[in-house]
2 protein chains.
Amino acid sequence: MGKKISIDDIAKSLGVSKTLVSLVLNDKADKHGISPDTQKKVRDKVKELNYQPNVLARGFRLGKTNTIGVLVSDISNRFYSRIARSIEDLAWSHGYTVIICSTDEDLNKESEQIRLLRDRKLDGLIISTSQDSAEPFNKLVDSGLPHVLIDRTFEGMRSPSVSVDNFAGGRLAARHLLHQGYRKIAVIGITPDHISTINDRITGFQSALAEEGVIIPPQWIIKTPFGEMDNTIKGKLQQFYQAGAMPEAIFTLNNNLTSACMLNLRKLSIDIPGQVAIMGFDDVSFFSFTRPSISVIAQPIERISEVAFDLLLRQIEGSKISEKEKSVKLPVDIIIRESTIKS
Amino acid sequence: MGKKISIDDIAKSLGVSKTLVSLVLNDKADKHGISPDTQKKVRDKVKELNYQPNVLARGFRLGKTNTIGVLVSDISNRFYSRIARSIEDLAWSHGYTVIICSTDEDLNKESEQIRLLRDRKLDGLIISTSQDSAEPFNKLVDSGLPHVLIDRTFEGMRSPSVSVDNFAGGRLAARHLLHQGYRKIAVIGITPDHISTINDRITGFQSALAEEGVIIPPQWIIKTPFGEMDNTIKGKLQQFYQAGAMPEAIFTLNNNLTSACMLNLRKLSIDIPGQVAIMGFDDVSFFSFTRPSISVIAQPIERISEVAFDLLLRQIEGSKISEKEKSVKLPVDIIIRESTIKS
DNA sequence: AAATTTTGCTAAATCGTTTTAGTTTTTCCT
DNA sequence: AGGAAAAACTAAAACGATTTAGCAAAATTT
């Protein structure tokens, strides 16, 4: 295997200084008046010896690593894995590598991971946060580490963010359910209480219901801890069922909740949408071939990734981001399938 | 924000050499006879100044980064995202960070990524490969980069590998379908032709069928390129349908194929399992609540990850791996649900 | 008391790159 | 010819850690 070729080897074998080689390799040769002849000689030698720069040495010197981090609560959640996949492709095509971290909705684990990634001198971070306030990110802004928040945001935050119009999504879902004649409706989200996406979806949902005079009783606004989803849902559904007080429809606020809800309704042999209708948030390909297929509010995953990566890249490259662009809100779509249509 | 504290700052503020500080920090102080008093002083100061070592500088010096790479064909495929998630947790608990790369079943992209990760001096790689021969990995063994192949392997490979007993999985599937009375059976896998998992599943499947005198006609062994799945399956199913020559059962060789197949059968309004039974490979939580729920051969995802990570860590730490442990084959389970049971 | 060993510590080299601050040589101008 | 300007290149420092080789003082042995 032999030893690795360094910039010094190139320089020595050509009888020039390593400064010169470095300049050529970094496209700064013209600026420094290195003659075209010499430049060619260097480039040829680089090819001949198959020189590969030591990424670590360069990162050390420059404090830059051409690596970005993506933090999400759980990479095995389909929504996040698709986001991660899109970002990975974009990053790759721009010469960046991606480190993915799952935070398990754990605020401390997230902070710890951010600290670690910062120590590694990552160039930037794309984060779907589990924090309970904007404060850590305002600090992050001050510290100068480029980053973009996706999915979840906070009021009064100074970090750039990309999210969807969750409020509008909630409204769309509500109007559709109302239109189908459902009035007794439950909502299932996740704790903790500060997750902006969940809250916006709920308030949007409630606002549209209220316009028709429909109010959701508090015990029908269910929130389950991440990791307890299945149990909580099973428990609640059983409770409703035994009490003979089933809602006519359920709005589940992310794709895992939708899946868990479907699964447990089936276990109880409750007919969908005959006995209970299901409206989900986040589309997943298989929702179209479950029986019944599932109506959802769909997020533009590719677009979220594109905008977020663009925003991050521009920060890394040092361009200012105007206030207007800083907080992007993308539209959502409603996809109506069988789970909300009374036959 | 201030400047970063370096080891030199600690040394100066204490009036000792940075050698000493470094030794203390790396737990080599006792070996070098540094007095307990001094050690304590150093550790206290480190806390006081909140010193964080520069990971890059250390990586540069040591040629080690405490980072491992995970290469899979597509991180948004549920099977791989769960594998990645498990590995991430294991790595994290051992002080390692994970870089995930999707190779798109592209042999060249994979090689390129391995090169890049190697340049970054990653400590090791866990790979579900898209290569068409063992040769690149035998080279990788020679080059001394620790790595473990998962999922897919080759005959006569010198790299450690963890896979499941795909042949047995194929047999299980076949015996179940035979037992249910199906004889005219199709198989859907992916190209290219050298993917060991696909081939083993098919040969296992065929071997068990053959014992009962059942032969699959060649045109019923379908292979689709990655990325063309949906189209290929749609086309083939339509063709069978219009020719009035539907198989009685279909064995789909990974979870995406199963999904795509379900989706297209629904579009054609073909009843499952009434007209066609479906047997999948790889379990995904929602296969239990589709209607019909889907019978599958399930792989032990956590176990694959654990064994692979253990094998990798031991290589990184320099211990030899015996020939016996080098090629681990884990058992699979059959989960029988509705999609293969005639009502 | 001199020689040896042990204890506790440090100076300096090293890793591979980038960059600052020049130097040397050639060309041009008057 | 003498001085200024331009062209082409380079020496050495810097980044922050680890490690090799070894020094000085104290303790122990002879």
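Letters A, B, ... are given to chains in the order of the sequence lines, protein chains preceding strands, and every chain is numbered from 1.
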With sequence neighbours left out, what residues match [X] under salt bridge (charged side-chain N to carboxylate O under 4.0 Å, His left out)?
{"X": "A/Asp8", "result": "A/Lys12"}
{"X": "A/Arg152", "result": "A/Glu105"}
{"X": "B/Arg158", "result": "B/Asp142"}
{"X": "A/Arg314", "result": "A/Asp310, A/Glu325"}

Contacts of [X] that satisfy side chain to side chain donor-acceptor pair (under 3.5 Å) - sequence neighbours left out:
{"X": "B/Glu112", "result": "none"}
{"X": "B/Asp106", "result": "none"}
{"X": "A/Asn138", "result": "none"}

Please tabulate the protein-to-nucleotide N/O contacts below 3.5 Å involving nucleotides 5-10 of chain D, giving atom names and distances.
{"from": "D/dC9", "atom 1": "OP1", "to": "A/Thr38", "atom 2": "OG1", "distance (Å)": "3.0"}
{"from": "D/dC9", "atom 1": "OP2", "to": "A/Ser35", "atom 2": "N", "distance (Å)": "3.0"}
{"from": "D/dC9", "atom 1": "OP2", "to": "A/Ser35", "atom 2": "OG", "distance (Å)": "3.3"}
{"from": "D/dC9", "atom 1": "OP2", "to": "A/Thr38", "atom 2": "OG1", "distance (Å)": "3.1"}
{"from": "D/dT10", "atom 1": "OP2", "to": "A/Ser17", "atom 2": "N", "distance (Å)": "3.0"}
{"from": "D/dT10", "atom 1": "OP2", "to": "A/Ser17", "atom 2": "OG", "distance (Å)": "3.2"}

Give, ordered by number, those residues of residues 45-67 of chain B having at least one heavy-atom distance below 4.0 Å to an atom of DNA chain C; if nothing qualifies, reply none. B/Phe60, B/Arg61
Rounded distance (Å) that lies between atom [atom2] of [N] and atom [atom1] of [X]:
{"X": "A/Asp8", "N": "C/dC15", "atom1": "CG", "atom2": "P", "result": "10 Å"}
{"X": "B/Asp30", "N": "C/dT7", "atom1": "CG", "atom2": "P", "result": "12 Å"}
{"X": "B/Asp9", "N": "D/dC15", "atom1": "CG", "atom2": "P", "result": "11 Å"}
{"X": "A/Ile7", "N": "C/dC15", "atom1": "CD1", "atom2": "C1'", "result": "14 Å"}
{"X": "B/Leu25", "N": "D/dT19", "atom1": "CG", "atom2": "P", "result": "13 Å"}

For the residue pair B/Phe154 and B/His194, does the interplanar ring angle fall in the parallel (under 30°), tilted (30 to 60°) or perpendicular (over 60°) class? tilted
Return yes if some donor-acceptor pair links the side-chain N/O of B/Asp123 with the main-chain N/O of B/Asn66 below 3.5 Å, else return no.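 Side chain of B/Asp123 to backbone of B/Asn66, a donor-acceptor pair under 3.5 Å: yes, one is there.
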Counting any heavy atom closer than 4.0 Å, what does B/Ser6 reach on the DNA or RNA strands: base, sugar-phosphate only, or nothing? sugar-phosphate
So does B/Lys64 have more than 12 non-hydrogen atoms from other groups sitting under 6.0 Å from NZ?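 Buried by this count: over 12 neighbours within 6.0 Å.
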Could you go through nucleotides 23-26 of chain D and list every protein N or O atom that sits under 3.5 Å from one of its N or O atoms, giving the distance for each pair?
none

Name each donor-acceptor pair under 3.5 Å that joins a side chain in residues 28-35 of chain B to protein atoms two or more places apart or in another chain, with its distance.
{"from": "B/Asp30", "atom 1": "OD1", "to": "B/Gln39", "atom 2": "NE2", "distance (Å)": "3.0"}
{"from": "B/Ser35", "atom 1": "OG", "to": "B/Thr38", "atom 2": "N", "distance (Å)": "3.3"}
{"from": "B/Ser35", "atom 1": "OG", "to": "B/Thr38", "atom 2": "OG1", "distance (Å)": "2.7"}

End axis versus end axis in the helix from C/dA1-D/dT30 to C/dT30-D/dA1, the angle rounded to 10°, five pairs used at each terminus: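 So the angle between the two local helix axes works out to 60°.
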One thing to verify: whether A/Asp9 and A/Lys45 come together as a salt bridge, which I'm taking to mean a side-chain N less than 4.0 angstrom from a carboxylate O.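 Salt bridge absent between A/Lys45 and A/Asp9.
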Salt bridge check: are B/Asp37 and B/Lys41 linked by an N-O gap of less than 4.0 Å?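 So B/Asp37 does not pair with B/Lys41 through a salt bridge.
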When you check the phosphate oxygens OP1 and OP2 of C/dT19, does a side-chain N or O of A/Lys28 lie under 4.0 Å from one of them?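 Result: yes.
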